[in-house]
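Next up is a structure, given as structure tokens.
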Amino acid sequence: MYSEQQMMPRDMQMIPHPILLVARQVAPNQIEIVYDQPTDLESATNVNNYWIRNNLDRPSDIATVARDDMMLLPTNSLTSNMAKIRPVDNSRKRFIITFNMNATPGVQYTVLPCFVNLQGKTGFGGGNWGPESRNTFTAQ
């Protein structure tokens, strides 16, 4: 089990890793995400490395985690049946998550990526967001 506060041991937090800069809705069923550094494509395009929190009492539509659930588990991540992730360009920083259903207008969502490595690196075991991440949006 992973909690947002303690995703990994303290020494693992020091491994250089990309940070999610922004997540924004670009279509009713698509979110564009942008990292600060080039990522390892295998980890960045693995949907199991992403969780979506909503501001409701339970997860629904594109969300896998409810607002009060702080545990990010392998069983509540995105799955290949829910979404696909593809690079937007060759930068290895920009990606589009396309969901099999639309986000609900007016609901607030937070994108929580974990385990995404830098290009050419492996072994990062934590969250890829930080205090400066603009990873929350309200669906239109």
Side-chain angles (χ1 to χ4, degrees):
M1 287 193 312
Y2 313 105
S3 76
E4 285 182 37
Q5 316 287 229
Q6 191 168 359
M7 291 286 299
M8 61 194 151
R10 187 59 124 168
D11 57 338
M12 290 294 289
Q13 293 176 13
M14 297 311 200
I15 293 175
H17 58 279
I19 299 292
L20 182 66
L21 295 176
V22 65
R24 64 180 153 255
Q25 185 181 23
V26 294
N29 70 329
Q30 291 185 324
I31 300 169
E32 179 183 31
I33 58 174
V34 181
Y35 289 98
D36 67 339
Q37 300 176 69
T39 62
D40 165 70
L41 286 180
E42 186 175 337
S43 61
T45 59
N46 180 350
V47 295
N48 300 116
N49 288 342
Y50 294 83
W51 289 257
I52 309 290
R53 173 174 286 129
N54 64 16
N55 64 341
L56 304 176
D57 290 333
R58 69 179 80 140
S60 62
D61 56 63
I62 69 168
T64 60
V65 182
R67 75 169 165 231
D68 294 328
D69 189 352
M70 296 299 155
M71 300 305 285
L72 304 180
L73 307 169
T75 56
N76 64 8
S77 71
L78 289 177
T79 66
S80 59
N81 292 334
M82 297 174 70
K84 304 285 184 235
I85 302 175
R86 65 174 173 77
V88 171
D89 54 27
N90 292 326
S91 71
R92 295 178 174 251
K93 294 180 180 181
R94 297 179 60 219
F95 299 87
I96 293 285
I97 305 174
T98 302
F99 295 89
N100 295 336
M101 61 181 54
N102 293 342
T104 302
V107 171
Q108 187 177 69
Y109 298 92
T110 303
V111 179
L112 303 169
C114 298
F115 318 123
V116 177
N117 290 286
L118 286 173
Q119 181 178 354
K121 305 286 184 186
T122 61
F124 179 63
N128 291 94
W129 69 94
E132 302 301 314
S133 295
R134 291 179 295 161
N135 58 334
T136 298
F137 64 93
T138 301
Q140 303 298 310

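None of the values given here were measured: they were computed from a predicted structure.
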Is Asn128 reaching over with its side chain to a backbone N or O of Phe115, donor-acceptor style, under 3.5 angstrom? yes
Are Leu21 and Ile31 linked, directly or through other ILVMFWY residues, by side chains that come within less than 4.5 angstrom of each other? no
Ile62 reachable from Val47 in the ILVMFWY side-chain graph, under 4.5 Å edges: yes
Residue pairs involving residues 108-135 (criterion salt bridge (Lys or Arg N to Asp or Glu O under 4.0 Å); sequence neighbours excluded): none
Please answer whether the main-chain N or O of Pro38 pairs with a side-chain N or O of Arg92 as donor and acceptor at a distance below 3.5 Å. no
What residues form a side-chain contact (heavy atoms from CB on, under 4.5 Å) with Ser60, not counting sequence neighbours? Asn54, Leu56
Before you tell me yes or no, could you show the steps for Ser77 and Asn48 under side chain to side chain contact (heavy atoms under 4.5 Å, CB included), namely the whole-Å CA-CA distance, both residues' side-chain angles and the distance that decides it to 0.1 Å? CA-CA 5 Å; Ser77 71; Asn48 300 116; 3.8 Å; yes
Could you go through Met101 and Asp61, starting from their C-alpha distance and side-chain angles, then the distance that decides it, and tell me whether this counts as side chain to side chain contact (heavy atoms under 4.5 Å, CB included)? CA-CA 7 Å; Met101 61 181 54; Asp61 56 63; 3.6 Å; yes
Hey, are Ser43 and Asn46 close enough side-chain-wise for a donor-acceptor pair under 3.5 Å? no
Which heavy atom in Val111 sits nearest to a heavy atom in Pro113, and how many Å separate them? O-CD, 3.5 Å
Backbone N/O of Phe99 and side chain of Asn29: donor-acceptor pair under 3.5 Å: yes
Only one of Ile33, Thr64, Leu112, Thr45 clears side chain to side chain contact (heavy atoms under 4.5 Å, CB included) with Tyr50; which? Ile33
What pair of heavy atoms forms the shortest contact from Gln25 to Ala139, and how long is it? OE1-CA, 3.1 Å
Would you call Lys93-Asp36 a salt bridge at under 4.0 Å N-O? no
If you compare all heavy atoms of Arg53 against all heavy atoms of Ala66, which two are closest, and at what distance to 0.1 Å? NE-O, 3.4 Å
Check ring-ring contact (aromatic ring centres under 6.0 Å, His included) between Tyr109 and all other residues, then give those that pass, not counting sequence neighbours. Phe137
Can you name the side-chain contact (heavy atoms from CB on, under 4.5 Å) partners of Asn100, sequence neighbours left out? none
Does Ile85 share a hydrophobic cluster with Leu41, counting links as ILVMFWY side-chain heavy atoms below 4.5 Å and allowing steps through other members? yes
Any pair with a residue in residues 82-91 that passes side-chain hydrogen bond (donor to acceptor under 3.5 Å, both in side chains), sequence neighbours left out, goes on the list, sorted by first then second residue, please. Asp89-Ser91, Asp89-Arg94
Go through the steps for Val22 and Ser133 under the test side chain to side chain contact (heavy atoms under 4.5 Å, CB included), then give the verdict. CA-CA 6 Å; Val22 65; Ser133 295; over 6 Å; no
Could you grab the distance from atom CG of Asn135 to atom CD1 of Ile19, nearest 0.5 Å is fine? 10.5 Å
With rounding to the nearest 0.5 Å, note down the distance linking CD in Gln30 to CD1 in Ile96. 5.5 Å
Could you tell me which residues satisfy side-chain contact (heavy atoms from CB on, under 4.5 Å) with Asn76, sequence neighbours excluded, listed by chain and number? Trp51, Val65, Asp69, Leu73
Can you measure from CG (Asp57) to CG (Asp68) and round to the nearest 0.5 angstrom? 7.0 Å
What's the spacing between Asn102 CG and Gln140 CD if we round to 0.5 Å? 13.0 Å
CG on Asn49 to CD on Glu42, rounded to 0.5 Å: 9.5 Å
Should Ile97 and Val26 be counted in the same cluster of Ile, Leu, Val, Met, Phe, Trp and Tyr side chains packed under 4.5 Å apart? no
Result for ring-ring contact (aromatic ring centres under 6.0 Å, His included) between His17 and one of Tyr35, Trp129, Phe124 points to Phe124
Main-chain N/O of Thr39 paired to Asn117 side chain as donor or acceptor, under 3.5 Å: no
How long is the straight-line distance from CE of Met82 back to OG1 of Thr98, given to the nearest 0.5 Å? 13.0 Å
